[in-house]
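Notes follow once the structure below has been shown.
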Amino acid sequence: MKESEKEFARMVREQKTTIYTVCYMFSKDNDEVNDLFQEILVNLWKGFDSFQGRSDIRTWVYRVALNTCITIDRKQKRRREKEARVKMDINLYEDNDADTRQVKKLYERINRLGVFDRAIVLLWLEGLPYDEIGQIVGISSKNVSVKLVRIREELKNMNN
């Protein structure tokens with residue numbers, strides 16, 4: 001195995017959770033998540049030799065993963081719109097207590113956001129600082145702050 005392949009395998013092991021986190025933001029179906037994961041690995045491999053270390057490896061992985069999922073999501077969205085509008089069913093838990101219903105409602109609303117806003121919320125929920133979120137999605141940290149305020153308002157104002 002070449003040295004670059006060993007480095008890539010190590011990076012994937014270290015960043016596996018990050019990649020799956022992004023995949024699960026775009027799909028709850030295990031087969032789809034695995035397909036997204038594979039697509040992200042392909043894109044990471046294609047760009048691995050050109051990664052220059054100007055940012056943290058995790059930031060780069062997030063950016064590649066998000067861009068991959070956004071591209072695939074757009075293609076699927078176009079296809080679904082042609083076929084028919086299908087509402088996403090999110091079953092986070094089997095139980096139906098008040099907290100579970102509230103979490104489920106929040107995730108249903110998050111999934112109704114645009115892809116870019118959904119990505120920002122995902123990264124914020126992951127606890128990333130605004131400057132790192134900005135690096136990943138390509139906007140300033142101040143713009144991240146403004147977007148999050150607007151997204152929160154949009155989520156509050158959504159009807160069930």
Side-chain angles (χ1 to χ4, degrees), residues 11-12 14-30 32-37 39-41 43-44 47 51-82 84-160:
M11 184 270 305
V12 169
E14 291 172 359
Q15 300 300 321
K16 189 176 186 177
T17 303
T18 299
I19 299 168
Y20 271 115
T21 298
V22 174
C23 292
Y24 277 108
M25 188 63 189
F26 284 85
S27 179
K28 302 298 179 236
D29 178 74
N30 283 335
E32 241 178 66
V33 166
N34 290 329
D35 290 344
L36 289 172
F37 187 85
E39 283 296 319
I40 292 167
L41 289 183
N43 288 335
L44 287 170
F51 174 67
Q52 298 167 350
R54 286 185 291 209
S55 65
D56 182 68
I57 189 80
R58 184 172 145 208
T59 302
W60 179 72
V61 169
Y62 261 124
R63 176 170 249 153
V64 171
L66 281 170
N67 287 337
T68 301
C69 289
I70 287 168
T71 300
I72 291 170
D73 188 69
R74 284 181 181 154
K75 288 177 185 176
Q76 289 175 342
K77 191 172 188 177
R78 284 187 212 120
R79 190 190 80 234
R80 283 190 307 261
E81 286 173 355
K82 287 178 184 175
R85 278 224 170 258
V86 178
K87 203 170 188 179
M88 206 179 220
D89 181 27
I90 303 171
N91 293 318
L92 296 176
Y93 305 101
E94 295 281 330
D95 57 30
N96 204 16
D97 64 9
D99 289 339
T100 301
R101 285 192 306 270
Q102 193 170 12
V103 169
K104 184 176 177 183
K105 184 183 273 190
L106 174 63
Y107 275 89
E108 286 172 348
R109 288 179 180 190
I110 289 171
N111 279 314
R112 288 170 37 200
L113 293 171
V115 174
F116 188 72
D117 289 349
R118 204 175 343 146
I120 291 173
V121 170
L122 159 75
L123 297 170
W124 179 76
L125 289 172
E126 284 290 305
L128 271 65
Y130 287 6
D131 59 330
E132 191 171 349
I133 294 171
Q135 286 178 348
I136 292 167
V137 298
I139 61 177
S140 70
S141 59
K142 178 69 176 159
N143 201 350
V144 169
S145 174
V146 170
K147 296 270 303 158
L148 280 169
V149 168
R150 290 182 182 156
I151 291 167
R152 284 183 198 117
E153 281 303 309
E154 185 177 346
L155 289 170
K156 284 182 199 173
N157 294 326
M158 280 184 185
N159 295 326
N160 297 333

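The analysis underlying the following values was restricted to heavy atoms, covering all of them including side chains, and did not include hydrogens, waters or symmetry mates. Remember, predicted model here, so these are calculated numbers, not experimental data.
- We find the OG1-CD1 distance between T59 and I136 to be 5.0 Å, quoted to the nearest 0.5 Å.
- Annotation: the span from E32 atom CD to I72 atom CD1 amounts to 9.5 Å, rounded to 0.5 Å.
- The pair R118-D73 meets the salt-bridge criterion, with a side-chain N (NZ, NE, NH1 or NH2) lying under 4.0 Å from an Asp/Glu carboxylate O.
- Residue C23 comes nearest to C69 through the heavy atom pair CA-SG, 4.4 Å, listed as atom of the first residue, atom of the second, then distance.
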Subject >> Evaluation steps, side chain to side chain donor-acceptor pair (under 3.5 Å), between Y62 and N67 >> reply: CA-CA 8 Å; Y62 261 124; N67 287 337; over 6 Å; no
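- Judged purely by atom type and a 3.5 angstrom limit, N157 uses its side chain to pair as donor or acceptor with the backbone of E153.
- The aromatic rings of W60 and F51 sit tilted, their planes meeting at an angle between 30° and 60°.
- Side-chain contact check for S141 versus I133: every heavy-atom pair is 4.5 Å or farther apart.
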Original post:
Between K16 and F37, is a side chain to side chain contact (heavy atoms under 4.5 Å, CB included) present by the stated rule, with each step listed?
Top reply: CA-CA 9 Å; K16 189 176 186 177; F37 187 85; 4.2 Å; yes
**OP:** Assess whether side chain to side chain contact (heavy atoms under 4.5 Å, CB included) is satisfied between V61 and V12, documenting all intermediate values.
**Re:** CA-CA 9 Å; V61 169; V12 169; over 6 Å; no
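- At least one side-chain heavy atom of L113 sits under 4.5 Å from a side-chain heavy atom of V121.
- Here the shortest heavy-atom pairing between S27 and V33 reads O-CG2, 3.4 Å.
- Considering V115, I110, L125 as possible partners of M25, the one that fulfils the side chain to side chain contact (heavy atoms under 4.5 Å, CB included) test is I110.
- Considering only heavy atoms from C-beta on, I139 comes within 4.5 Å of I120 through its side chain.
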**OP:** List the steps and the verdict of side chain to side chain contact (heavy atoms under 4.5 Å, CB included) for R112 and L155.
**Re:** CA-CA 9 Å; R112 288 170 37 200; L155 289 170; over 6 Å; no
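- Side chain of K28 to backbone of Y24: a donor-acceptor contact under 3.5 angstrom is found.
- To the nearest 0.5 angstrom, I57 atom CD1 is 5.5 Å from M11 atom CE.
- A 4.5 Å side-chain heavy-atom check between V144 and L123 finds every atom pair outside the cut-off.
- Between V137 and R63, the closest heavy-atom pair is C-NH2, 3.7 Å.
- Taken from CD in Q135 to CG in D56, the straight-line distance is 8.5 Å, to the nearest 0.5 Å.
- Residue R150 qualifies as open at atom CZ: its count of foreign heavy atoms under 6.0 Å is 12 or below.
- Going from atom CZ of F116 over to atom CG of L66 covers 9.5 Å, rounded to the nearest 0.5 Å.
- N34 places a side-chain N or O within 3.5 Å of a backbone atom of N30 that can act as its donor or acceptor partner.
- With R58 contributing its side chain and T18 its backbone, the two residues share no donor-acceptor pair below 3.5 Å.
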**OP:** Give the C-alpha distance, both sets of side-chain angles, the deciding distance and a yes or no for side chain to side chain contact (heavy atoms under 4.5 Å, CB included) between D35 and E39.
**Re:** CA-CA 6 Å; D35 290 344; E39 283 296 319; 5.7 Å; no
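- Here the straight-line distance linking atom CG of D117 with atom NZ of K147 works out to 4.0 Å at 0.5 Å rounding.
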